[in-house]
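Heavy-atom basis, side chains included; hydrogens, waters and symmetry copies ignored.
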Amino acid sequence: MVRYLALVLVLAFGVALPATAQTEEDESFQNELSYGININSNGGLIGGVFFRSVYFMSESMYQFGGLEIVEVKHPKENPIFSETGDQFIAGKRNYLFAVRPHYGREFVLFRKAAESGVQVNAIAGAGPSLGLLIPYYIRYNYGGPTSQDIRTEHYDPQRHRSFENILGNASVFQGLGEANVNFGAHIKGGLSFEYGRYRESIAGIEVGFMVEIFPKEMVIIPQAENEQLFTSVYLNLYYGRRK
């Protein structure tokens, strides 16, 4: 995952270099609203979603506020397929979702032309984190191979010992009402590569590094080592509009 994100950064920076030769500057704007998906080294293929509102401060600097919601996975999460074809994570007790409101600044490094090109911005932001530990539920057959006694329960490896009787995991919404909220903080920095052929519309990618900390360990798999400090490399794919 880290190598993949690093390759994207190198390719995007290579595309961005010709934009420095453009002389036509983009028109200023007052507000920009964007949204997209997050891919990160702790979250699998699609880690989550984010929203961001950017405000014009000067030709070379913007301020922004945003919200990011991502799932943080344990490195030892290995899906196992049940006899029904559904999957579950052996030993997992909780999901971990991070809700990250944040504030930051963008600094223009290379400005694109009004109608085309690539703009490169340096980004820095920080804010609080809400770590939601949501119980991980499974469907377990207590009846065995000859009968059916299927119950949806919070997964306990000491109680649900037989993998053959686990039919798969239940929906994450099953344990949402039992979520344990933990307060923490995060800080991030990176580069954004903004593409677009129109003044009103934007699309691009953001690549960077994030550090997040909680006051206690976030227990996802009790039998494995769990962390309170998380670091990740991330890639945001976004689309938006400005006015």
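Checked against the 6.0 Å centroid criterion, the rings of F163 and F88 qualify as a close aromatic pair.
Note: the hydrophobic cluster containing F110 also contains V207 (ILVMFWY, side chain heavy atoms under 4.5 Å, direct or indirect links). Residues L229 and F209 share a hydrophobic cluster, clusters being chains of Ile/Leu/Val/Met/Phe/Trp/Tyr side chains in contact below 4.5 Å. Y95 and F183 fall within the same hydrophobic cluster, defined by Ile, Leu, Val, Met, Phe, Trp and Tyr side-chain heavy atoms under 4.5 Å apart, directly or through other members. By the rule that hydrophobic residues join a cluster once side-chain heavy atoms approach within less than 4.5 Å of another member, Y239 and F50 end up as members of separate clusters. In the hydrophobic clustering of this structure, V211 groups with V233; members are Ile, Leu, Val, Met, Phe, Trp, Tyr whose side-chain heavy atoms approach within less than 4.5 Å, directly or through other members.
Between Q223 and Q158 the shortest side-chain heavy-atom distance falls below 4.5 Å. In this structure, the side chains of E227 and L96 stay at 4.5 Å or more apart for every pair of heavy atoms. For the pair E68 and H102, the minimum side-chain heavy-atom distance is below 4.5 Å. Side-chain contact between E212 and M218: absent, with no pair of heavy atoms (C-beta onward) separated by less than 4.5 Å. In this structure, Y140 and R159 have side chains that are not in contact, with every pair of non-hydrogen atoms separated by 4.5 Å or more. Under the 4.5 Å side-chain criterion, counting only non-hydrogen atoms from C-beta, E32 is not in contact with R52. Between D86 and N169 there is no side-chain heavy-atom pair separated by less than 4.5 Å. Annotation: side chain of Q174 is not in contact with side chain of P135 (no heavy-atom distance under 4.5 Å).
Rounding to the nearest 0.5 Å gives a distance of 10.5 Å between NE2 of H154 and OH of Y136. Remark: N121 CG to L109 CG distance equals 6.5 Å, nearest 0.5 Å. For the atom pair M61 CE and F107 CZ, the distance stands at 6.0 Å (nearest 0.5 Å). Note that the NE2 atom of H186 and the CD1 atom of I213 stand 13.5 Å from one another [nearest 0.5 Å]. Atom CG of N78 is separated from atom CD1 of I89 by 7.0 Å, given to the nearest 0.5 angstrom. With rounding to the nearest 0.5 angstrom, the CZ atom of R100 is 10.5 Å from the CD1 atom of I69.
Closest heavy-atom contact between I134 and A179: CG1-CB, 3.9 Å. Minimum heavy-atom separation, R241 to S201: NH1-CB, 4.4 Å. Taking all atoms of both residues into account, the shortest heavy-atom contact from S82 to I166 is CB-O, 3.1 Å. K216 approaches N180 most closely through the heavy-atom pair NZ-ND2, 3.9 Å. Nearest heavy atom pair, residue V219 against residue L133, reads O-CD2, 3.7 Å. Between N42 and F230 the shortest heavy-atom distance is ND2-CB, 4.2 Å.
Within 6.0 Å of CD on E77 lie more than 12 heavy atoms contributed by other residues, nucleotides or ligands. No more than 12 heavy atoms of other residues, nucleotides or ligands lie within 6.0 Å of CZ in F51, so this atom counts as exposed by the packing criterion.
For the 3.5 Å distance criterion, the side chains of N141 and N165 fail to qualify, holding no donor opposite an acceptor. N40 and N38 form a side-chain donor-acceptor contact under 3.5 Å, judged by distance and modelled atom types alone. If you check the side chains of Y137 and R139, you find no donor sitting under 3.5 Å from an acceptor. Y142 and E153 form a side-chain donor-acceptor contact under 3.5 Å, judged by distance and modelled atom types alone.
Q228 contributes a side-chain N or O that, together with a main-chain N or O of F214, makes up a donor-acceptor pair within less than 3.5 Å. Here the side chain of S171 pairs a donor or acceptor atom with the backbone of F173 at under 3.5 angstrom. Judged by distance alone, the side chain of N182 and the main-chain N or O of G131 form a donor-acceptor pair under 3.5 Å.
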Item to check | Derivation of the side-chain contact (heavy atoms from CB on, under 4.5 Å) call for Y62 and M57 | outcome: CA-CA 5 Å; Y62 316 133; M57 296 182 69; 5.5 Å; no
